[in-house]
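Since the structure comes first, as structure tokens, the remarks are kept for the end.
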Amino acid sequence: MRVWDARLLQDNLPAGKQRTEHIYDYAGSEENRKQINKHFDRLQTRLILGLILGFLLPNALLSAYFHFQFTHTLKNSAILSLEAVADNQKNALDLYLRERIANIYNLFRSPDFTLHPPQEVMEGYLRTLRHYHDGFVDVGFLDPQGVQTGYAGPTPELLGSDYSDEPWFQRLMQGNKNHVISDSHPGVRDTEYFTVAVRQIFFDKVYVLRATLDPDKLYMLLRSTVQGSNVESALINAQGQYQVVDPKISFISKSSAFIPPPESPDQSVGIHELDIDDIPTLVAYAWLTETPWALLVSQPLSVAQAGMYRARLILTISLLCISLVISGVIFYTIRRLINDARRMTTKGQQLQEMLAHASKLASIGELAAGVAHEINNPLAIIMATSGVIRDMLNPEFELDHSPEAINKELAVIDSAATRAKGITKKLQEMGKTRMPQAEPCDINVQVETVLNRLKKVELRGKSIDIQLHLAPNLPPILAEPEPLRQVFNNILLNAADAIDDKGTITISTGVRENAVAITISDTGRGIAPENLERIFHPFFTTKGGHHGTGLGLSIAASIVKYLGGVIKVNSTVGKGSAFTVLLPNNYYCPLT
Amino acid sequence: MNNTIRVLIVDDEDDFRETIVKRLNARKLKAEGASGGRKALEILKEKEFDVMVLDVKMPDMDGIETLRHVKKLTPDVEVIMLTGHASVEFGLKGMQLGAFDYIMKPAPLTELLDTIGQAYNKKKEGA
């Protein structure tokens, strides 16, 4: 509850100050407090979410970026190291095979070489080969028809076998190389071997020395040159069949799922990524120079990127921890700030309520002082007049003491007493705060009723032109009709009093922003700016003598305020005043 | 011969003013009434007075304003301010501006007569 503020009642507020229409006043109400709380709750949620997003989103984006970069780099380095392994092994394998070819080739150069080598010589050859490398299994000499005419090794029954149909023999005869290495093939005792054969021409005939080698030795070589964990090496032929491989793999499958593309001249080592048994795996491949075999070096991606997984785990955990800490700090800080603000607003609200209460009390004090003053005036008259009568009755003063003269003085006392009674009656009306008999009132009807009443007495004898501009279909106002009429009555009386002898009073009604507006304007004297602020104060009057009590506008203002409305004044000295009563549309039933 | 105190009563309340004038005249004072500040100033220009009783709260021109003019126009007239209950400060203000005293309404006639007498004596001493 705020006591009406005279400044709100004026239209001509100081420039630069935006006028706000205080038709409803919620200050201090429970509704207002709820709204403030709701506002702060919303603010708190928005601030917390906004700050958390603002801090964590860039954090998360940055982490994602670094994670991506890190993964990429790690994969690249894994590829590089795997390629290096493949290159090394390829060179080692080529060197190994070339040495074996040289071992056999040297037999043609040995001093005891003949085109029909006897068994002792063959045995000597085998010893010589084994001396160079213990992977040699046997050795044989083939005549130009491909028949083995000399043999030394664990299976002597091979002596006399015809090799002319063997693929490696045909490759050796047709190719332009003097040596060949066969794919591995099952030997007599179900073990895998591969054959190295070298041809030499004597007297226009082609003779061949062949030897079989145990691929396990090759596998050992591969194993010994491997670096890094979980790196698997294997050799396959052009058809993808395993030649040298980890026995575990060859047990499951005889051929590789991946056959590398043909060798390209600019790149000896290639890289390929594929799923082996649903495990993403990196495979580095290289074609051997000595034979159409391909070396495959594979490593599962998970092993290659093990460092990355660890780093990612640490990154994720630390990101989560930081996020939680920051969120906690933000939440705590914002909540404290908001609570402070909320407390301060509540305090301000309480102060405002106290202020409103204080100004109400001040208004009551003002009223009391005014009442005392106003009642003192008639009292002074009564006292003075009773003194005159006493003087009259005192022969010493030689005054006229006829009953007529005394009656005249008594009449003065009566009129002063009536005036005092009028003041107290009006005060009672003003003090009335309850309006028990509210009913929907048509403002136009009320204005006309008041006007008709005034025309009979107060406005009679004055040449005042009254103009009516009443809007049709005005929404009704829920109020007691008599106080409402009193508002118009008091304003109209002031308007009439402001007009000296001739003038116009214009009454217009209408709807303005969900309120019913009644404007009563006159062409009278107008109100001086210094008085504008005081016209609603109780007992303020410019009428003088006992014409006015100074309560008319004060009563009108309190009635309008009770109805939730305001009175606005616009006045120019010498031109007239306009009083606008705004009453909120509080009755929503449509008129039929 | 000039032993009669000449008093000007200024008040906008007709009944009050006329009654006081009547009672003062009955007590062998020479009292006259003025209904407002302007009227009082006009009368002062034509006639001489010893004491002036001036109501503070009047429309048109209030007591303080009138007092200022009176002190400029005829400084030797002693002024007694008549105040309502709520406007003691106006009485004090009047004293600062050169009024002789102030009386609160409603006052018994004897008090008014007393103060008028004192003011008259002060004026005679000053003269």
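In what follows, every chain begins at residue 1, and chains take the letters A, B, ... in the order their sequences are listed.
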Item to check | Test side chain to side chain contact (heavy atoms under 4.5 Å, CB included) applied to N489(A) - qualifying residues, sequence neighbours left out | outcome: V450(A), R453(A), L454(A), L493(A)
Checklist entry - Which distance, rounded to the nearest 0.5 Å, do you find between the CG of L109(B) and the CE of M383(A)? => result 9.5 Å
Checklist entry - Listed by residue number, which members of residues 36-45 of chain B have a heavy atom under 4.5 Å from any heavy atom of chain A? => result none
Checklist entry - Quick one: what part of R17(B) sits under 4.5 Å from any heavy atom of chain A, side chain, backbone, both or neither? => result neither
Item to check | Smallest separation among heavy atoms of E13(B) and I381(A), with atom names | outcome: OE1-CD1, 3.5 Å
Checklist outcome for this item: Heavy-atom nearest pair, S415(A) first then D15(B), reads OG-OD2, 3.8 Å
Checklist entry - Which atoms of E396(A) come close to chain B, meaning under 4.5 Å heavy atom to heavy atom: side chain ones, backbone ones, both, or neither? => result neither
Item to check | For the student: nearest non-hydrogen atoms of A380(A) and F16(B), plus distance | outcome: CB-CE1, 3.6 Å
Checklist entry - Who pairs with D465(A) by side chain to side chain contact (heavy atoms under 4.5 Å, CB included), at least two apart in sequence or on another chain? => result Q467(A), T504(A)
Checklist entry - Using 4.0 Å as the upper bound for N to carboxylate O, is an ion pair formed by K22(B) and D391(A)? => result no
Checklist entry - Near H401(A) NE2, under 6.0 Å, is it more than 12 heavy atoms from other residues, nucleotides or ligands? => result no
Item to check | Pairs flagged by salt bridge (charged side-chain N to carboxylate O under 4.0 Å, His left out) wherever residues 61-82 of chain B is involved - sequence neighbours left out | outcome: E78(B)-K122(B)
Checklist entry - What option among I382(A), T385(A), L379(A) has the most heavy-atom pairs under 4.5 Å with chain B? => result T385(A)
